[in-house]
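Below you'll find the structure, written out as structure tokens, and then a few comments.
Counting begins at 1 with the first residue of the sequence.
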Amino acid sequence: MRISTDGPSSGTSGAVLARRSVVAGAVGNFIEWYEFGVYAYFATTIAATFFTPQGGGAAEALVRTYASFALAFFFRPVGALLLGRVGDRYGRRPALVAAVLTMTAATTAIGLLPPYATVGAVAPWLLTALRIVQGLSAGGEFGGAVAVMTESAPPGKRGAYGAWQSLTVAFGLLGGAAAATLVTSALTESQVAVWGWRLPFLAALPMGLGALWLRLRLTESPAFVRAARADRVRVRVPPGASGKSTAGQAVPGLAAAGESVSARTVCAVVVGCGRLMAWSAAGYTFLVVLPTYLQQTVGRSAQQALLATVVANLGFAAAIVPAGALSDRLGRRPVMATGAVLAALSALPLLHVVQDPGAPVWLTCGAVALAGALVGLSAGPGPAMLAEMFPTQARHTGLGVAYALANAVFSGCAGLLITELVRRTGNPDVPAYYVVVTCAVGALALAISRDDGHRRALRD
């Protein structure tokens with residue numbers, strides 16, 4: 001393990017470093033989810049621009065758009081492995097800098113892509129390639145940011161500090177909704193379809209440069225510094241020892257330990273995926289897929305769909321930090337399991353309220369806000385729960401891969417699965433059924449899990 005600790009002075013107070021770690025860690029996640037929010041909101045426009053040849057059907061194009069959306073998620077675990085190894089070996093900061101640079105470049109490039117009408121079948125392939133790059137960068141983003149936040153948190157506050165990573169999900173989606181609102185309000189429908197939709201993607205460039213500046217000033221976490229120093233001591237060759245004798249005596253012990261850690265890490269990744277199932281599935285259904293569903297299936301206007309998305313994300317944001325702080329006192333499991341069970345029980349009634357054209361506005365807004373808040377109960381404690389499952393030497397990689405896999409399976413496929421099933425069956429309740437099943441299984445995974453991580457120090 002190598003270490004890079006250059007940055008702010010070592011005399012900087014722990015409280016200042018902790019706050020700086022939260023800001024620098026969260027800012028990249030904001031850009032990532034800002035882009036996903038923009039992509040989801042403009043899904044129908046992107047479908048027409050890149051996936052609809054002459055005579056192509058709108059429903060088929062939308063399915064292909066969500067397929068590209070899902071494909072990016074399946075590259076997240078790869079990015080989590082690649083950048084996670086960088087973060088665990090060389091430091092959290094180099095990996096986080098690489099993640100924000102890659103995400104910013106790919107998002108900006110989407111805003112510059114030529115349409116299908118100009119370059120033909122190359123257009124969807126170019127878009128898909130950039131989505132893959134975004135998936136790689138996003139995969140490495142989460143693990144590094146959560147590692148920095150939780151490793152820098154004061155004792156007894158990992159849940160509250162880690163919750164800020166989830167809070168930037170809500171802020172990013174709200175930022176994407178705000179950008180979409182600004183564009184659709186200032187431009188005509190034809191202008192939005194031709195070039196206006198590109199503006200929110202291009203706005204990622206200045207945001208990314210600001211995030212880069214913050215991350216270049218980031219100091220490595222105390223936990224990583226301790227682990228790096230311990231690793232150097234552990235592998236130091238004794239004076240006078242030959243390479244052969246060292247290989248014969250030291251390496252077998254290290255190899256055995258490495259194999260044990262690797263087996264435990266793989267097991268923790270699988271368990272972590274199960275614990276995140278409710279958060280991943282319900283979060284994407286209620287917060288990301290909702291606007292397109294409301295327009296395509298329920299027949300609501302773009303403005304109504306956007307309002308529902310904003311209100312759902314406000315409910316989500318309001319619950320996250322309180323849920324993370326509460327988990328510091330009660331434990332991660334009871335808070336997250338409560339959110340999963342309530343989401344499973346209320347998904348169908350809440351969806352029926354949203355589908356009802358005669359429902360009062362206050363009731364519809366209350367339903368989507370409640371749906372978002374239930375997701376927040378899982379999202380608040382989730383980052384700290386994951387961080388507590390892995391040792392420092394594997395934390396960036398382990399929690400990043402667990403989160404990426406859960407999102408690839410249960411989030412990335414949500415839009416594709418829901419859209420296709422609604423199209424084939426004609427049943428508008430498909431989103432609720434998806435939430436019920438995934439949240440029920442997720443609640444079971446949480447119920448059988450150990451729940452004393454909030455009381456213990458992070459493992460070095």
field: Test of ring centre spacing under 6.0 Å for Y116 and F50
entry: no
- prompt: Cation over ring, R215 on W213, under 6.0 Å and within 45°?
  reply: no
query: Shortest non-hydrogen contact from R198 to L113?
result: NH1-O, 2.5 Å
- prompt: Between S21 and S152, do the side chains contain an N or O donor and an N or O acceptor separated by less than 3.5 Å?
  reply: yes
message: Assess whether a salt bridge exists between E388 and R332, defined as any Lys/Arg side-chain N lying under 4.0 Å from an Asp/Glu carboxylate O.
response: yes
message: Please check this pair: side chain of R92 against backbone of E220, looking for a donor-acceptor N/O pair closer than 3.5 Å.
response: no
query: What is the distance from atom OG1 of T108 to atom CG of L205, rounded to the nearest 0.5 Å?
result: 4.5 Å
- prompt: Between Y90 and F224, what is the shortest heavy-atom contact and its length?
  reply: C-CZ, 3.8 Å
field: Shortest non-hydrogen contact between I418 and P431, atoms and distance
entry: CG2-CG, 3.6 Å
query: Taking S411 for the side chain and S280 for the main chain, is one N or O donor matched with an acceptor at less than 3.5 Å?
result: yes
field: Salt bridge flag under 4.0 Å for residues R76 and E141
entry: no
query: Of T104, T102, T107, which is the lone residue that meets side-chain hydrogen bond (donor to acceptor under 3.5 Å, both in side chains) with Q134?
result: T107
message: Please check this pair: side chain of S378 against backbone of W279, looking for a donor-acceptor N/O pair closer than 3.5 Å.
response: no
message: Can you tell me how the ring of Y34 sits relative to the ring of F30, calling it parallel under 30°, perpendicular over 60° and tilted otherwise?
response: parallel
query: Roughly how far, to the nearest 0.5 Å, is CZ of F201 from CZ of F42?
result: 7.5 Å
task: Using side chain to side chain contact (heavy atoms under 4.5 Å, CB included) as the criterion, point out the one residue from L212, L214, L218 that pairs with L216.
output: L212
field: salt bridge (Lys or Arg N to Asp or Glu O under 4.0 Å) between E151 and R226, intermediate numbers included
entry: CA-CA 11 Å; E151 290 170 355; R226 289 194 303 269; over 6 Å; no
task: Could you tell me whether the side chain of L174 reaches within less than 4.5 Å of the side chain of L314, counting heavy atoms only?
output: yes
task: Check whether any side-chain heavy atom of M385 sits under 4.5 Å from a side-chain heavy atom of L276, and report yes or no.
output: yes
- prompt: Any side-chain heavy atom of R89 sitting closer than 4.5 Å to one from H396?
  reply: no
- request: Please round to the nearest 0.5 Å and tell me the distance separating atom OG of S166 and atom CG of N29.
  value: 8.0 Å
statement: Shortest non-hydrogen pair, T45 vs T49, comes out as O-OG1, 2.8 Å
- request: Identify the two heavy atoms, one from A26 and one from T168, that lie closest to each other, and give their separation to 0.1 Å.
  value: CB-CG2, 3.1 Å
- prompt: Among side-chain atoms of R395 and T392, is any donor-acceptor pair under 3.5 angstrom?
  reply: yes
field: Which atom of G208 lies closest to which atom of V100, heavy atoms considered
entry: O-CG2, 4.3 Å
message: I'd like to know if the side chain of D328 reaches the main chain of A160, judged simply by a donor and an acceptor atom lying under 3.5 Å from each other, with no hydrogens or angles considered.
response: yes
message: Taking atom CH2 as the centre, does W33 end up with more than 12 heavy-atom neighbours from other residues, nucleotides or ligands that are less than 6.0 angstrom away?
response: yes
query: At what distance, to the nearest 0.5 angstrom, does CG of L405 lie from CZ of F410?
result: 9.5 Å
Side-chain touch L374/F286, heavy atoms, less than 4.5 angstrom: no
- request: Flag the pair W164 / V321 as yes when at least one side-chain heavy-atom distance between them is below 4.5 Å, and no otherwise.
  value: yes
query: Are any of the side-chain heavy atoms of L421 and Y433 separated by less than 4.5 Å?
result: no
- prompt: Taking the six-membered ring for Trp, is the centroid-to-centroid distance between Y39 and W197 below 6.0 Å?
  reply: no
